[in-house]
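What you see is a predicted model, and the numbers here were worked out from it, not measured in a lab. The chains referred to below are lettered A, B, ... by the order of the sequence lines, with proteins before strands, and numbering in each begins at 1.
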Protein chains: 2
Amino acid sequence: MNTIEDILKKAKLNVTEGRKNILEMFVLGGGALAHADIEKNTSVSIDRVTVYRTLQTFVERGIIHLIPTTDNTILYALCKDNCSDGHHHDEHVHFICITCNKTNCLEEITVPNIQLPKGFKPIQAAMIVKGICLHCKN
Amino acid sequence: MNTIEDILKKAKLNVTEGRKNILEMFVLGGGALAHADIEKNTSVSIDRVTVYRTLQTFVERGIIHLIPTTDNTILYALCKDNCSDGHHHDEHVHFICITCNKTNCLEEITVPNIQLPKGFKPIQAAMIVKGICLHCKN
DNA sequence: AACCCATTTGCAATATCGTTGCAACTTTTA
DNA sequence: TAAAAGTTGCAACGATATTGCAAATGGGTT
Ligand SMILES: [Mn+2]
Ligand SMILES: [Mn+2]
Ligand SMILES: [Zn+2]
Ligand SMILES: [Zn+2]
(Lines give C-alpha, C1' and ligand atoms only; values in the text may rest on other atoms or scores of the structure.)
(Ligands and ions follow the chains in the order given, each with its own letter.)
Protein backbone atom coordinates (compact mmCIF):
# COMPACT_ATOMS: atom_id res chain seq x y z
CA MET A 1 0.00 0.00 0.00
CA ASN A 2 1.54 3.34 1.09
CA THR A 3 5.20 3.33 0.06
CA ILE A 4 6.15 6.29 2.22
CA GLU A 5 4.87 4.76 5.43
CA ASP A 6 6.36 1.41 4.52
CA ILE A 7 9.80 2.90 4.20
CA LEU A 8 9.54 4.56 7.59
CA LYS A 9 8.23 1.42 9.27
CA LYS A 10 10.89 -0.73 7.69
CA ALA A 11 13.44 1.63 9.23
CA LYS A 12 11.75 1.27 12.62
CA LEU A 13 10.82 4.92 12.77
CA ASN A 14 7.58 6.38 14.03
CA VAL A 15 5.39 7.59 11.22
CA THR A 16 4.95 11.31 11.78
CA GLU A 17 3.54 14.06 9.61
CA GLY A 18 6.92 15.72 9.24
CA ARG A 19 8.76 12.58 8.24
CA LYS A 20 6.08 11.59 5.75
CA ASN A 21 6.29 15.03 4.21
CA ILE A 22 10.04 15.08 3.88
CA LEU A 23 10.30 11.53 2.61
CA GLU A 24 7.58 12.24 0.09
CA MET A 25 9.68 15.03 -1.38
CA PHE A 26 12.46 12.56 -2.06
CA VAL A 27 10.21 9.84 -3.44
CA LEU A 28 8.11 12.06 -5.69
CA GLY A 29 10.76 14.61 -6.64
CA GLY A 30 13.24 12.02 -7.73
CA GLY A 31 16.34 14.21 -7.51
CA ALA A 32 18.74 15.34 -4.86
CA LEU A 33 17.65 17.79 -2.20
CA ALA A 34 19.40 20.23 0.11
CA HIS A 35 18.28 21.17 3.58
CA ALA A 36 17.02 24.52 2.29
CA ASP A 37 14.91 22.90 -0.45
CA ILE A 38 13.14 20.89 2.17
CA GLU A 39 12.67 23.65 4.70
CA LYS A 40 11.06 25.88 2.11
CA ASN A 41 8.86 23.41 0.28
CA THR A 42 7.17 21.18 2.82
CA SER A 43 3.39 21.51 2.78
CA VAL A 44 3.23 21.38 6.57
CA SER A 45 5.52 23.84 8.32
CA ILE A 46 8.44 22.03 9.92
CA ASP A 47 10.97 23.54 12.25
CA ARG A 48 14.53 23.91 10.92
CA VAL A 49 15.88 21.79 13.72
CA THR A 50 13.44 19.03 12.98
CA VAL A 51 14.51 19.03 9.34
CA TYR A 52 18.15 18.67 10.40
CA ARG A 53 17.31 15.85 12.76
CA THR A 54 15.08 14.10 10.27
CA LEU A 55 17.74 14.13 7.55
CA GLN A 56 20.30 12.87 10.00
CA THR A 57 18.02 10.08 11.11
CA PHE A 58 17.21 9.12 7.52
CA VAL A 59 20.92 8.88 6.72
CA GLU A 60 21.58 6.76 9.80
CA ARG A 61 18.77 4.39 8.89
CA GLY A 62 19.81 4.01 5.27
CA ILE A 63 16.81 5.82 3.79
CA ILE A 64 18.80 8.59 2.14
CA HIS A 65 22.49 9.10 1.43
CA LEU A 66 24.78 12.10 1.40
CA ILE A 67 25.97 13.14 -2.03
CA PRO A 68 29.53 14.33 -2.48
CA THR A 69 29.65 17.75 -4.07
CA THR A 70 32.44 19.94 -5.39
CA ASP A 71 31.10 23.15 -3.91
CA ASN A 72 30.71 22.02 -0.32
CA THR A 73 26.96 22.12 -0.26
CA ILE A 74 25.20 19.20 1.39
CA LEU A 75 22.85 17.17 -0.77
CA TYR A 76 20.80 14.09 -0.06
CA ALA A 77 19.10 11.53 -2.24
CA LEU A 78 17.06 8.38 -1.77
CA CYS A 79 19.01 5.20 -1.23
CA LYS A 80 18.40 2.05 -3.15
CA ASP A 81 16.61 -0.78 -1.40
CA ASN A 82 19.69 -2.57 -0.19
CA CYS A 83 20.88 0.26 2.04
CA SER A 84 19.92 -0.09 5.65
CA ASP A 85 20.88 1.01 9.10
CA GLY A 86 24.45 2.28 8.96
CA HIS A 87 25.28 0.35 5.81
CA HIS A 88 25.13 2.18 2.55
CA HIS A 89 25.77 0.87 -0.94
CA ASP A 90 25.73 4.03 -2.94
CA GLU A 91 29.03 3.96 -4.76
CA HIS A 92 27.57 5.29 -7.96
CA VAL A 93 28.58 8.30 -10.00
CA HIS A 94 26.82 11.60 -9.34
CA PHE A 95 26.08 14.02 -12.12
CA ILE A 96 25.59 17.74 -11.63
CA CYS A 97 23.92 19.63 -14.46
CA ILE A 98 25.43 23.08 -14.88
CA THR A 99 22.29 24.29 -16.64
CA CYS A 100 19.38 23.22 -14.46
CA ASN A 101 21.67 22.82 -11.46
CA LYS A 102 20.09 19.51 -10.51
CA THR A 103 22.11 16.62 -9.18
CA ASN A 104 21.35 13.12 -10.44
CA CYS A 105 22.33 9.79 -8.98
CA LEU A 106 23.52 7.61 -11.83
CA GLU A 107 22.65 4.41 -10.00
CA GLU A 108 23.76 2.20 -12.84
CA ILE A 109 27.21 3.74 -13.25
CA THR A 110 29.64 2.57 -10.61
CA VAL A 111 32.82 4.42 -9.79
CA PRO A 112 35.67 2.88 -11.82
CA ASN A 113 38.68 1.32 -10.15
CA ILE A 114 41.92 3.15 -10.76
CA GLN A 115 45.59 2.46 -10.35
CA LEU A 116 46.97 4.40 -7.39
CA PRO A 117 50.65 5.13 -6.70
CA LYS A 118 52.51 2.38 -4.85
CA GLY A 119 51.66 2.26 -1.16
CA PHE A 120 48.23 3.84 -1.36
CA LYS A 121 45.42 1.46 -0.42
CA PRO A 122 41.96 2.48 -1.65
CA ILE A 123 38.91 1.68 0.44
CA GLN A 124 36.17 3.83 -1.01
CA ALA A 125 35.88 6.12 -4.01
CA ALA A 126 33.54 8.86 -5.11
CA MET A 127 33.13 10.46 -8.49
CA ILE A 128 31.30 13.63 -9.45
CA VAL A 129 30.73 14.61 -13.06
CA LYS A 130 29.57 18.04 -14.12
CA GLY A 131 27.98 18.71 -17.46
CA ILE A 132 24.68 18.97 -19.28
CA CYS A 133 21.92 16.61 -18.30
CA LEU A 134 19.42 14.68 -20.34
CA HIS A 135 16.73 17.33 -20.03
CA CYS A 136 18.91 20.35 -20.70
CA LYS A 137 20.73 19.13 -23.80
CA ASN A 138 20.32 20.96 -27.15
CA MET B 1 66.00 33.11 -4.93
CA ASN B 2 62.95 33.17 -2.60
CA THR B 3 60.32 30.84 -4.04
CA ILE B 4 57.51 32.18 -1.89
CA GLU B 5 57.95 35.77 -3.02
CA ASP B 6 58.40 34.66 -6.60
CA ILE B 7 55.07 32.91 -6.63
CA LEU B 8 53.34 36.00 -5.29
CA LYS B 9 55.03 38.31 -7.74
CA LYS B 10 54.29 36.03 -10.66
CA ALA B 11 50.64 36.27 -9.66
CA LYS B 12 50.91 40.06 -9.57
CA LEU B 13 50.14 40.24 -5.90
CA ASN B 14 51.77 42.52 -3.39
CA VAL B 15 54.17 40.68 -1.12
CA THR B 16 52.84 41.00 2.39
CA GLU B 17 53.71 39.26 5.65
CA GLY B 18 50.36 37.53 5.81
CA ARG B 19 50.50 36.19 2.29
CA LYS B 20 54.06 34.98 2.68
CA ASN B 21 53.09 33.18 5.84
CA ILE B 22 50.07 31.46 4.40
CA LEU B 23 51.76 30.51 1.16
CA GLU B 24 54.70 29.13 3.10
CA MET B 25 52.38 26.75 4.91
CA PHE B 26 51.32 25.30 1.59
CA VAL B 27 54.82 25.12 0.12
CA LEU B 28 56.52 23.63 3.16
CA GLY B 29 53.62 21.54 4.46
CA GLY B 30 53.02 19.82 1.17
CA GLY B 31 49.48 18.64 1.89
CA ALA B 32 46.01 20.09 1.77
CA LEU B 33 44.92 22.72 4.25
CA ALA B 34 41.59 23.96 5.59
CA HIS B 35 40.83 27.48 6.62
CA ALA B 36 41.02 26.50 10.28
CA ASP B 37 44.47 24.91 9.89
CA ILE B 38 45.76 28.17 8.58
CA GLU B 39 44.06 30.43 11.06
CA LYS B 40 45.48 28.46 13.96
CA ASN B 41 49.01 27.83 12.75
CA THR B 42 50.36 31.01 11.23
CA SER B 43 53.39 32.37 13.08
CA VAL B 44 52.16 35.93 12.74
CA SER B 45 48.59 36.45 13.89
CA ILE B 46 46.31 36.98 10.94
CA ASP B 47 42.69 38.03 11.09
CA ARG B 48 40.05 35.48 10.11
CA VAL B 49 38.77 37.75 7.40
CA THR B 50 42.21 38.19 5.93
CA VAL B 51 42.67 34.44 5.78
CA TYR B 52 39.40 34.10 3.90
CA ARG B 53 40.35 36.84 1.49
CA THR B 54 43.86 35.53 0.99
CA LEU B 55 42.67 32.03 0.15
CA GLN B 56 40.09 33.44 -2.22
CA THR B 57 42.71 35.56 -3.94
CA PHE B 58 45.13 32.65 -4.21
CA VAL B 59 42.44 30.53 -5.86
CA GLU B 60 41.58 33.32 -8.30
CA ARG B 61 45.22 33.76 -9.25
CA GLY B 62 45.87 30.06 -9.76
CA ILE B 63 48.19 29.65 -6.78
CA ILE B 64 46.04 27.14 -4.94
CA HIS B 65 43.01 25.08 -5.91
CA LEU B 66 39.93 23.91 -4.09
CA ILE B 67 39.80 20.23 -3.35
CA PRO B 68 36.50 18.39 -3.58
CA THR B 69 35.65 16.50 -0.42
CA THR B 70 32.96 14.04 0.52
CA ASP B 71 32.20 15.62 3.85
CA ASN B 72 31.58 19.17 2.70
CA THR B 73 34.65 20.66 4.25
CA ILE B 74 36.69 23.09 2.19
CA LEU B 75 40.30 22.17 1.48
CA TYR B 76 42.98 23.89 -0.56
CA ALA B 77 46.26 22.72 -2.04
CA LEU B 78 49.03 24.22 -4.14
CA CYS B 79 48.49 24.28 -7.87
CA LYS B 80 50.98 23.01 -10.36
CA ASP B 81 52.93 25.56 -12.35
CA ASN B 82 50.64 25.70 -15.31
CA CYS B 83 47.66 27.01 -13.39
CA SER B 84 47.23 30.75 -13.58
CA ASP B 85 44.67 33.48 -13.20
CA GLY B 86 41.24 31.91 -13.49
CA HIS B 87 42.47 28.86 -15.34
CA HIS B 88 43.10 25.74 -13.36
CA HIS B 89 44.39 22.41 -14.57
CA ASP B 90 43.92 20.29 -11.52
CA GLU B 91 41.85 17.40 -12.74
CA HIS B 92 43.76 14.87 -10.73
CA VAL B 93 42.53 12.34 -8.21
CA HIS B 94 42.50 13.32 -4.54
CA PHE B 95 43.25 10.81 -1.83
CA ILE B 96 42.03 11.14 1.75
CA CYS B 97 43.79 8.98 4.34
CA ILE B 98 41.34 7.72 6.93
CA THR B 99 44.18 7.17 9.40
CA CYS B 100 46.20 10.39 9.42
CA ASN B 101 43.29 12.30 7.94
CA LYS B 102 45.52 14.08 5.45
CA THR B 103 44.46 14.79 1.90
CA ASN B 104 46.93 14.23 -0.92
CA CYS B 105 46.84 15.50 -4.47
CA LEU B 106 47.74 12.63 -6.73
CA GLU B 107 49.02 14.92 -9.45
CA GLU B 108 50.03 12.10 -11.73
CA ILE B 109 46.69 10.28 -11.64
CA THR B 110 44.08 11.90 -13.86
CA VAL B 111 40.38 11.29 -13.44
CA PRO B 112 39.36 8.48 -15.81
CA ASN B 113 36.77 9.00 -18.51
CA ILE B 114 33.61 7.03 -18.03
CA GLN B 115 30.63 6.06 -20.10
CA LEU B 116 27.57 8.06 -19.06
CA PRO B 117 23.95 7.20 -19.86
CA LYS B 118 22.72 8.43 -23.25
CA GLY B 119 22.04 12.16 -23.29
CA PHE B 120 24.38 13.18 -20.49
CA LYS B 121 27.26 15.33 -21.66
CA PRO B 122 30.28 15.43 -19.33
CA ILE B 123 32.33 18.60 -19.03
CA GLN B 124 34.36 18.13 -15.91
CA ALA B 125 34.92 15.29 -13.46
CA ALA B 126 36.28 14.90 -9.95
CA MET B 127 37.31 11.80 -8.08
CA ILE B 128 38.00 11.34 -4.40
CA VAL B 129 39.48 8.14 -3.03
CA LYS B 130 39.53 7.30 0.66
CA GLY B 131 41.89 4.77 2.13
CA ILE B 132 45.27 4.32 3.77
CA CYS B 133 48.11 6.50 2.61
CA LEU B 134 51.75 5.75 1.95
CA HIS B 135 52.87 6.80 5.42
CA CYS B 136 50.13 5.07 7.37
CA LYS B 137 50.27 1.64 5.73
CA ASN B 138 51.39 -1.53 7.60
C1' DA C 1 -11.54 5.25 23.84
C1' DA C 2 -8.34 6.26 27.51
C1' DC C 3 -4.01 5.30 29.08
C1' DC C 4 1.12 4.95 29.42
C1' DC C 5 5.67 5.27 27.81
C1' DA C 6 8.95 6.07 24.32
C1' DT C 7 9.81 8.89 20.66
C1' DT C 8 9.64 13.10 18.35
C1' DT C 9 9.04 18.02 17.95
C1' DG C 10 9.54 23.12 18.67
C1' DC C 11 11.63 26.76 20.97
C1' DA C 12 15.42 29.32 22.84
C1' DA C 13 20.04 29.72 23.38
C1' DT C 14 24.52 29.06 21.60
C1' DA C 15 28.23 28.00 18.37
C1' DT C 16 30.50 28.01 13.99
C1' DC C 17 31.20 29.72 9.54
C1' DG C 18 31.52 33.11 6.01
C1' DT C 19 30.64 37.95 3.99
C1' DT C 20 30.58 43.07 3.67
C1' DG C 21 31.72 48.10 4.37
C1' DC C 22 34.89 51.08 5.79
C1' DA C 23 38.82 53.36 7.82
C1' DA C 24 43.66 52.60 8.82
C1' DC C 25 47.70 50.74 7.31
C1' DT C 26 51.30 48.77 4.05
C1' DT C 27 53.37 48.03 -0.33
C1' DT C 28 54.54 49.60 -4.78
C1' DT C 29 55.82 52.92 -8.01
C1' DA C 30 57.29 57.25 -9.52
C1' DT D 1 59.95 60.41 0.08
C1' DA D 2 55.24 61.22 -1.46
C1' DA D 3 51.17 59.69 -3.93
C1' DA D 4 48.46 55.94 -5.55
C1' DA D 5 47.14 51.43 -5.31
C1' DG D 6 46.50 47.54 -2.81
C1' DT D 7 45.78 45.16 1.57
C1' DT D 8 44.37 44.50 6.34
C1' DG D 9 41.66 44.54 10.75
C1' DC D 10 37.59 45.60 13.05
C1' DA D 11 32.78 45.60 13.71
C1' DA D 12 28.56 44.33 12.20
C1' DC D 13 25.82 41.14 10.01
C1' DG D 14 23.79 36.85 7.95
C1' DA D 15 23.58 32.11 7.19
C1' DT D 16 24.13 27.59 8.87
C1' DA D 17 24.28 24.09 12.31
C1' DT D 18 24.04 22.05 17.23
C1' DT D 19 22.26 21.35 22.02
C1' DG D 20 19.12 21.05 26.19
C1' DC D 21 14.75 20.80 27.65
C1' DA D 22 9.78 20.93 28.09
C1' DA D 23 5.65 20.06 25.45
C1' DA D 24 3.40 17.31 22.06
C1' DT D 25 2.68 13.23 19.43
C1' DG D 26 2.67 8.28 18.07
C1' DG D 27 2.47 3.23 19.11
C1' DG D 28 1.00 -0.24 21.86
C1' DT D 29 -1.90 -1.70 25.79
C1' DT D 30 -5.82 -2.19 28.41
MN1 LIG E 1 23.33 8.89 -5.09
MN1 LIG F 1 44.85 18.76 -5.94
ZN1 LIG G 1 19.90 19.89 -16.41
ZN1 LIG H 1 47.83 8.67 6.26
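- Between A:T50 and C:dG10 there is a side-chain N or O to OP1 or OP2 distance below 4.0 Å.
- For the OP1/OP2 pair of D:dG6 and a distance below 4.0 Å, the side-chain nitrogens and oxygens of B:T16 include no atom meeting the criterion.
- Going from atom CG of A:L23 over to atom C1' of C:dT8 covers 16 Å, rounded to whole Å.
- In this structure, NZ of A:K12 is placed 16 Å from C1' of D:dG27, rounded to the nearest angstrom.
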Next item on the list: Starting from the C-alpha separation in whole Å, work towards a yes-or-no answer on side-chain contact (heavy atoms from CB on, under 4.5 Å) for B:K12 and B:R61.
Entry: CA-CA 8 Å; B:K12 289 173 189 154; B:R61 300 304 171 93; 4.1 Å; yes
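- The CD atom of A:E60 sits 14 Å away from the C1' atom of C:dT7 (whole-angstrom rounding).
- Under 4.0 angstrom from either OP1 or OP2 of C:dG18 there lies no side-chain N or O belonging to B:R48.
- For the 3.5 Å distance criterion, the side chains of A:S43 and A:N21 qualify, holding a donor opposite an acceptor.
- Heavy atoms from other residues, nucleotides or ligands lying under 6.0 Å from CD of B:Q115 number 12 at most.
- Between B:I74 and B:R53, the one whose closest nucleotide on DNA chain C sits nearer the 5' end is B:I74.
- For B:N21 and D:dT7, the CG to P distance is 16 Å, given to the nearest whole Å.
- To the nearest 0.5 Å, atom CD1 of residue A:I132 and atom NZ of residue A:K137 are 12.0 Å apart.
- Between B:L55 atom CG and D:dT8 atom C1' the separation is 15 Å, expressed in whole Å.
- Comparing atom distances between the A:N14 side chain and each of D:dG26, C:dG18, C:dT9 picks out D:dG26 as nearest.
- Listed nucleotides: D:dG9, C:dT8, D:dT19. Nearest to the side chain of A:R19: C:dT8.
- A straight line from CG of A:D47 to P of D:dG20 spans 17 Å, rounded to a whole angstrom.
- Atom CZ in B:F58 sits roughly 10 Å away from atom P in D:dT7 (whole-Å rounding).
- For the pair B:E39 CD and D:dT8 C1', the interatomic distance rounds to 15 Å; values are reported in whole Å.
- The listed nucleotides are D:dA17, C:dT9, C:dC11; the one nearest the side chain of A:Y52 is D:dA17.
- Using cut-offs of 30° and 60° on the angle between ring planes, the pair B:H35 and B:Y52 is parallel.
- Between B:L13 and A:G18, the residue anchored nearer the 5' end of DNA chain C, judged by the nucleotide with its closest heavy atom, is A:G18.
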